[in-house]
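Notes to accompany the following structure.
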Amino acid sequence: MQNLKLYNSLSRKKEVFKPITEGRVGMYVCGPTVYGDAHLGHARPGITFDVVFRYLQHLGHKTRYVRNITDVGHLVNDADEGEDKIAKKARLDQLEPMEVVAYYTRSYHRDMALLNTLPPSIEPTATGHIIEQIQMIEKILTNGYAYEVDGNVYFDVVKYNKDHAYGKLSGRNIEDMISNTRELDGQSEKRNSVDFALWKKASPEHIMRWPSPWSEGFPGWHLECSAMSTKYLGKRFDIHGGGMDLVFPHHEAEIAQSCASDGHDAVNYWMHNNMITIHGQKMGKSLGNFITLSEFFTGEHESLDQAYNPMTIRFFILQAHYRSTVDFSNEALQAAEKGMNKLMTAIDTLEGITTSNESTLNVEDYKQKFYDAINDDFNSPILIAHIFDVVKQINSIAAGNGSLNKVSKNDLISLMNDFCFDILGLKKIESEAEHGLTDEIMDVVLGLRKRAKENQDWTAADFIRDELAKLNITVKDSKDGASWSKE
RNA sequence: GGUCGGAUGGCUGAGAGGCUUAGGCAGCGGUCUGCAAAACCGUCUACACCGGUUCGAAUCCGGUUCCGACCUCCA
């Protein structure tokens, strides 16, 4: 049994992970608001928690991974009245709100699949859980931690803070917040500036609306995650994840809602991934400095020198620890691309190594190092460093400096498969458009070149290689003959 | 202003009191090769600044400067 430690944002310490129920893990991660194409920033939690999900399963935990799709409820700040982000986008595009939602949900799924993230076990939508949200509001009202004003329901943060600690996740105290929060128009009906909406009455022109005991309207910003995590994972569950930018107010509000409704915290471990930066600044929707994932995949963006394979993006993100920022640059991405190719080539090389009786490589040592790295709060950069030690060993052995016996070779293959493919979720970049005949044609071409070389006709041999290079086909000569690879 | 985090070699990114010169990319020298490519062997550049604690500090403490995140929607 492996001793997994993870950093809990709530305690600000690494803690040994212990599931509430032996052998089973519940994990909730905040998903996207589907009103635009996913950008590089969305890839971070997608990949971070994909590795968590994969590793928990690798350890034998039956894991339920819930990631929501927010298709209602977040308000745009520049609207006079709280206007729904998706409703606004819909009106701009002259579309039905659900049309916008469906379009961007598909786009998100496509990008996440290209990044080789496993689909979550359950992917609930906010609009599909209006009833659950209303029920939760009723419970909070009954418990006295919310109040209604003119069809709107607000969470009473000040009252809640008397009985529970509001702000414990983000390290804030309520007095500072009250004195620091500026008064905005239209908030006068709240008892305190720190209170937040659980239910909002829809203005006449507002498109997305549902009936409720208080008004025709829509649920507040933070409620969906509380309602849906409770529904699918229970009143107590193991891990809640999301981006660091959600710590306040979103996750703080979630804690308050759960506690106000059920009397205790719902989450045992809070995990937060850090941001991706560009020129040292957070890449984000509001700053407008984001590059979408599909732009990365096609290379169609003025800041990009080239197109990047989704696996390059994945590897790039995994080369940094999830709690550190990663700075985007073409240089960094190109370095990741080369490193990734080197790793994949070495895995192919390993399969082809001829075994001998002796083994100069101790697989168990590396196995232990691999597990130690991933167990230490998912330290993927350290894990990758160890993996590259193995890459070096593989290449050394292939070059004749060392040997591998049959058992070690098989162990090493399965170790590399487990960690590179199953846990880190990398996959080989499949060559595009296999026509079936390609291999045969290349055999003919390389056969011609071989004959030219035998005749010492270097001009012809180099011509063939150069022309193939123009098609992004690299020819490598070795003692056993020539091999080729695309891109 | 409040809360929190960061500053590491050409780039990127780990580490967190003494043996990691982490790792990747780039550079340099060599081996191999008809020449390349790949690979192998070897190798250079580092811990923002100033004090302090310690036998010993990139790592702990205090201060300084700079940067970032959150406090409005954000992954």
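Predicted model only: the values in this text are computed from it and were never measured. Proteins come first, then strands; the chains are lettered A, B, ... in the order of their sequence lines, and each starts at number 1. The basis for the numbers below is simple: all heavy atoms, side chains too, and nothing from hydrogens, waters or symmetry mates.
As judged by a 4.0 angstrom heavy-atom cut-off over every strand, A:G280 is placed among residues touching the sugar-phosphate backbone only. Residue-level contact check: A:D327 touches the backbone only, with heavy atoms under 4.0 Å from sugar-phosphate atoms and none from bases. When heavy atoms are screened at a 4.0 angstrom cut-off, A:S170 is found touching the sugar-phosphate backbone but no base atom. Among the heavy atoms of the strands lying under 4.0 Å from A:V475 is at least one base atom, whether or not backbone atoms are also near. A:N401 comes within contact range of the sugar-phosphate backbone alone, with a heavy-atom separation under 4.0 Å but no base atom that close.
Pairing each heavy atom of A:F388 with each of A:G339, the nearest pair is CZ-O, 3.3 Å. A pairwise comparison of heavy atoms in A:H272 and A:S9 identifies ND1-OG, 2.7 Å as the closest pair.
A:Y7 and A:H321 are not linked by any side-chain donor-acceptor pair at a separation below 3.5 angstrom, with hydrogens and angles left out of the test. No side-chain N or O of A:N192 forms a donor-acceptor pair with one of A:Y154 less than 3.5 Å apart. A:E337 and A:N341 form no side-chain donor-acceptor contact under 3.5 Å, judged by distance and modelled atom types alone.
Across B:U53 and B:G62, the matching P atoms stand 15 Å from one another, rounded to whole Å. Rounded to whole Å, the separation between the P atoms of B:G68 and B:G24 comes to 31 Å. B:C49 and B:U65 are spaced 16 Å apart, taking the P atom of each and rounding to whole Å. Rounded to whole Å, the P atom of B:A58 lies 16 Å from the corresponding atom of B:A16. The same atom, C1', is picked in B:C25 and in B:U33; the two are 25 Å apart, to the nearest Å. A gap of 31 Å separates the C1' atoms of B:U59 and B:A75, to the nearest Å. Comparing B:A22 with B:A48, their P atoms sit 15 Å apart, to the nearest whole Å. Annotation: B:G18 and B:U54 have their C1' atoms spaced 12 Å apart (nearest Å).
A donor-acceptor pair is defined here as one N or O able to donate and one able to accept, closer than 3.5 Å; no such pair exists between the side chain of A:T277 and the backbone of A:K282. With hydrogens and angles ignored, the 3.5 Å screen pairs no side-chain donor or acceptor of A:R314 with any backbone N or O of A:A43.
Each of B:C70, B:C41, B:A75 was ranked by its minimum atom distance to the side chain of A:S396; first place goes to B:C41. Distances were taken from every side-chain heavy atom of A:W458 (C-beta onward) to each of B:C70, B:A39, B:G34; the shortest belongs to B:G34. For A:P45, counting side-chain heavy atoms from C-beta on, the closest listed nucleotide (B:A75, B:G13, B:A39) is B:A75. Residue A:R172 has its side chain nearest to B:G2 when only B:A38, B:G13, B:G2 are considered.
Relative orientation of the A:Y371 and A:Y55 rings is tilted, given thresholds of 30° and 60° on the angle between their planes. Ring geometry, A:H42 versus A:Y108: the interplanar angle exceeds 60°, so the pair is classed perpendicular (tilted spans 30 to 60°).
For A:R465 against B:C35, a side-chain N or O and a base N or O form a donor-acceptor pair under 3.5 Å. One donor-acceptor pair, N or O on each side, does fall under 3.5 Å between the base of B:G34 and the side chain of A:D462. Interface remark: the A:D477 side chain does form a donor-acceptor pair with the B:C35 base, using a distance-only criterion of under 3.5 Å.
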Report summary line: Writing each nucleotide of RNA chain B 5' to 3' as (, ), [, ], | or . by Watson-Crick or G-U pairing under 3.5 Å yields (((((((..(((.....[....))).(((((.......)))))....(((((..]....))))))))))))....
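For the pair A:L318 CG and B:U12 P, the interatomic distance rounds to 19 Å; values are reported in whole Å. One atom, CG of A:D466, and another, C1' of B:A37, lie 12 Å apart when rounded to the nearest Å. For A:L333 and B:G13, the CG to C1' distance is 14 Å, given to the nearest whole Å. One can place CZ of A:R323 at 13 Å from C1' of B:C4, the figure rounded to the nearest angstrom. One can place CZ of A:R449 at 11 Å from C1' of B:G34, the figure rounded to the nearest angstrom. For A:D37 and B:A75, the CG to P distance is 13 Å, given to the nearest whole Å. Taking atom CE of A:M275 as the reference point, atom C1' of B:G13 lies 18 Å away to the nearest angstrom. One interatomic measurement links the two molecules: CG of A:L169 to P of B:G5, which rounds to 13 Å at whole-angstrom precision.
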Requested in this report: Let me have a per-nucleotide readout for nucleotides 14-28 of chain B, 5' to 3', with B, S or -, counting only protein heavy atoms under 4.0 Å.
Outcome: SS------BBSSS--
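The residue among A:L40 and A:K453 whose nearest nucleotide of RNA chain B lies closer to the 5′ end is A:K453.
Stacking of A:K367 on the aromatic ring of A:F370 is not recorded, the 6.0 Å distance cut-off and the 45° axial limit not both being met.
Distances shorter than 4.0 Å separate some side-chain N or O of A:N395 from OP1 or OP2 on B:C40.
Under a cut-off of 6.0 angstrom, the local environment of NZ in A:K450 is sparse, with at most 12 non-hydrogen atoms contributed by other residues, nucleotides or ligands.
Atoms CG and CE, from A:L426 and A:M340 in turn, are 5.0 Å apart once rounded to the nearest 0.5 Å.
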